[in-house]
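Encoded as structure tokens, the structure appears first; notes follow it.
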Amino acid sequence: MSQALQELLDLLDLEQIEENIFRGQSRFAVVPRVFGGQVAADRPAHSLHAYFLRPGDAGAPIVYTVDRIRDGRSFTTRRVVAVQHGKPIFHLSASFQTYEEGLEHQEPMPSAPDPDTLPTSQARLRDYRHLAPAVVERFLEARRAVDLRYVDEPPYGRFGEPREPHSQVWFRTNGKLADDPLLHVVLATYVSDMTLLDSVLLAHGRGGWAVGDVVGASLDHAMWFHRPFRADEWLLYDQQSPSTHGGRGLGQARIYTQDGRLAVSVIQEGLVRVPREESSRPS
């Protein structure tokens with residue numbers, strides 16, 4: 001296991017400080033606030049629905065309080081609130097289910113090139129000379145633990161011209177993980193917040209936060225875990241945006257295993273605003 005991956009696992013590991021109260025650490029990501037995927041990747045679930053309430057302080061620990069809503073025979077429900085400086089920054093509702101047999105069907109996996117034929121994030125980012133060196137270094141730092149490969153150019157790689165609101169990314173951890181299914185759910189949840197709003201930016205020819213032509217943040221995030229998967233094996237993250245309106249953009253996605261099994265469905269709404277000086281510029 002790489003040192004970067006071990007550091008990420010340590011970051012996502014929580015310390016229990018009281019009954020139903022846990023504490024986690026923070027670190028800077030691409031922007032100087034807590035990365036949304038970090039506070040969402042708390043517990044395994046068959047579904048989760050999360051709201052990002054306030055920007056987190058990357059220099060302060062996060063306290064998680066767990067409310068045991070229901071313990072049923074097949075389903076268990078939990079509510080989690082993440083708190084910093086006495087204020088909630090994040091709210092999560094998660095539902096857990098015991099395994100059972102049932103009906104089976106899935107949407108077919110879309111076509112995508114072999115991930116081993118695609119350049120790594122490190123290779124792509126080094127070629128983006130229009131990005132500030134500090135931005136490139138922050139991207140590289142945020143993705144040291146994950147091998148993330150775009151099928152096409154990311155929004156910040158080629159911007160200024162609207163494209164189809166569709167993006168594909170292959171990802172896997174940079175190192176093998178233990179067999180515990182919890183670990184793979186946590187890592188996939190963490191990565192799922194990295195690129196989901198790319199399709200929103202593509203529709204409008206925006207490069208995103210990396211180039212400063214939008215101001216935004218995650219507002220809410222929902223995931224449904226359909227089938228077992230491993231986050232240390234290639235997963236295809238197929239993403240699209242059906243709508244942007246009122247300063248909010250919607251991204252929806254499916255995560256497939258390399259052999260074509262639909263593993264996870266994801267939906268996220270994000271705040272996507274044109275910078276104030278641009279919106280007030282005369283036409």
Side-chain angles (χ1 to χ4, degrees), residues 30-31 35-37 39-41 45-53 90-95 105-113 118 148-171 185 188-227 229 235-257 260-275 278-279:
V30 178
V31 291
F35 173 57
V39 289
H46 84 84
S47 71
L48 63 83
H49 301 261
Y51 288 89
F52 302 96
L53 307 176
F90 171 85
H91 174 272
L92 167 76
S93 293
S95 180
H105 87 277
Q106 70 162 68
E107 179 110 348
M109 181 180 182
S111 60
L118 300 172
L148 190 149
R149 305 188 184 193
Y150 280 89
V151 169
D152 200 356
E153 294 284 340
Y156 50 82
R158 190 177 90 235
F159 56 95
E161 180 180 335
R163 290 186 264 164
E164 180 186 0
H166 178 236
S167 177
Q168 288 183 323
V169 171
W170 286 99
F171 73 88
V185 168
T189 302
Y190 180 83
V191 177
S192 70
D193 191 41
M194 286 183 171
T195 63
L196 187 49
L197 296 181
D198 282 357
S199 53
V200 174
L201 302 175
L202 292 174
H204 302 276
R206 299 280 166 167
W209 7 102
V211 299
D213 60 1
V214 296
V215 178
S218 302
L219 292 174
D220 61 6
H221 195 90
M223 301 182 73
W224 293 264
F225 302 97
H226 308 302
R227 294 170 179 84
F229 62 90
L235 296 169
L236 177 66
Y237 200 10
D238 188 75
Q239 307 152 92
Q240 62 177 324
S241 175
S243 177
T244 307
H245 178 75
R248 304 185 316 275
L250 187 69
Q252 56 187 28
R254 294 180 174 92
I255 298 177
Y256 292 86
T257 61
R261 289 177 294 113
L262 177 58
V264 189
S265 294
V266 191
I267 296 180
Q268 183 181 80
E269 188 175 48
L271 182 70
V272 184
R273 288 174 174 159
V274 174
E278 182 178 340
S279 61

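This one's a predicted model, so the numbers in the text were calculated from it and none came from an experiment.
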Does His49 reach the side chain of Asp220, with side-chain heavy atoms less than 4.5 Å apart?
no
So how far is it from Gln240 CD to Leu202 CG, rounded to the nearest 0.5 Å?
12.0 Å
Just by distance, do the side chain of Gln239 and the backbone of Pro165 share a donor-acceptor pair under 3.5 Å?
no
Those residues at least two apart in sequence (or on a different chain) that pass salt bridge (charged side-chain N to carboxylate O under 4.0 Å, His left out) with Arg227 are Glu104
Is there a side-chain contact between Arg273 and Leu271, using heavy atoms and a 4.5 Å cut-off?
yes
With sequence neighbours excluded, tell me which residues meet salt bridge (charged side-chain N to carboxylate O under 4.0 Å, His left out) with Arg149.
Asp147
Run the side-chain contact (heavy atoms from CB on, under 4.5 Å) check on His221 and Met223 step by step: do they pass?
CA-CA 7 Å; His221 195 90; Met223 301 182 73; 3.7 Å; yes
What are the two closest non-hydrogen atoms of Leu92 and Leu48, and how far apart are they?
CD1-CB, 3.6 Å
Step by step, would you call His46 with Ser95 a side-chain hydrogen bond (donor to acceptor under 3.5 Å, both in side chains)?
CA-CA 6 Å; His46 84 84; Ser95 180; 2.9 Å; yes
Give the C-alpha distance, both sets of side-chain angles, the deciding distance and a yes or no for side-chain contact (heavy atoms from CB on, under 4.5 Å) between Gln106 and Tyr256.
CA-CA 11 Å; Gln106 70 162 68; Tyr256 292 86; 3.9 Å; yes
Closest heavy-atom pair, Pro113 versus Leu118, reported as atoms and distance to 0.1 Å, is CG-CD2, 4.0 Å
So, does Asp213 use its side chain to make a donor-acceptor pair with the main chain of Gly207 at under 3.5 Å?
yes
Taking atom CE of Met109 and atom CD1 of Ile255, what is their separation to the nearest 0.5 Å?
11.5 Å
Least distance between heavy atoms, Ser241 atom then Val200 atom:
OG-CG2, 3.4 Å
Straight-line distance of Trp224 CH2 to Ser265 OG, nearest 0.5 Å
7.5 Å
Gln268 and Asp193: side-chain donor and acceptor closer than 3.5 Å?
yes
side-chain hydrogen bond (donor to acceptor under 3.5 Å, both in side chains) between Ser167 and Asp152: does it pass, once the steps are laid out?
CA-CA 7 Å; Ser167 177; Asp152 200 356; over 6 Å; no
What is the distance from atom NE2 of His226 to atom CZ of Arg254, rounded to the nearest 0.5 Å?
8.0 Å
Please determine whether side-chain contact (heavy atoms from CB on, under 4.5 Å) holds for the pair Val214 and Trp209, giving the CA-CA distance in whole Å, both sets of side-chain angles, and the decisive distance to 0.1 Å.
CA-CA 6 Å; Val214 296; Trp209 7 102; 3.4 Å; yes
Can you check whether Tyr150 reaches Thr195 side chain to side chain, under 4.5 Å on heavy atoms?
yes
Minimum heavy-atom distance Tyr237-Ala253, with the two atoms named:
CE1-CB, 3.3 Å
Would Val151 and Trp170 count as a side-chain contact (heavy atoms from CB on, under 4.5 Å) here? Give the steps.
CA-CA 7 Å; Val151 169; Trp170 286 99; 4.1 Å; yes
Just say parallel, tilted or perpendicular for the rings of His91 and Tyr51, cut-offs at 30° and 60°.
tilted
Closest non-hydrogen atoms of Leu196 and Ile267, given as atom of the first, atom of the second and distance, are CD2-C, 4.1 Å
Measure across Arg206 and Phe159 and return the closest heavy-atom pair with its distance rounded to 0.1 Å.
C-CB, 3.9 Å
Quick one: pull up CG in Asp238 and CD in Glu107 and give me the separation to the nearest 0.5 Å.
9.0 Å
Rounding to 0.5 Å, atoms CZ (Phe229) and CG (Leu235) come to a distance of 6.5 Å
Decide yes or no for Pro110 and Gln168: does some side-chain heavy atom of the first lie under 4.5 Å from some side-chain heavy atom of the second?
yes
Heavy atoms, side chains only, cut-off 4.5 Å: are Thr189 and Phe225 in contact?
yes
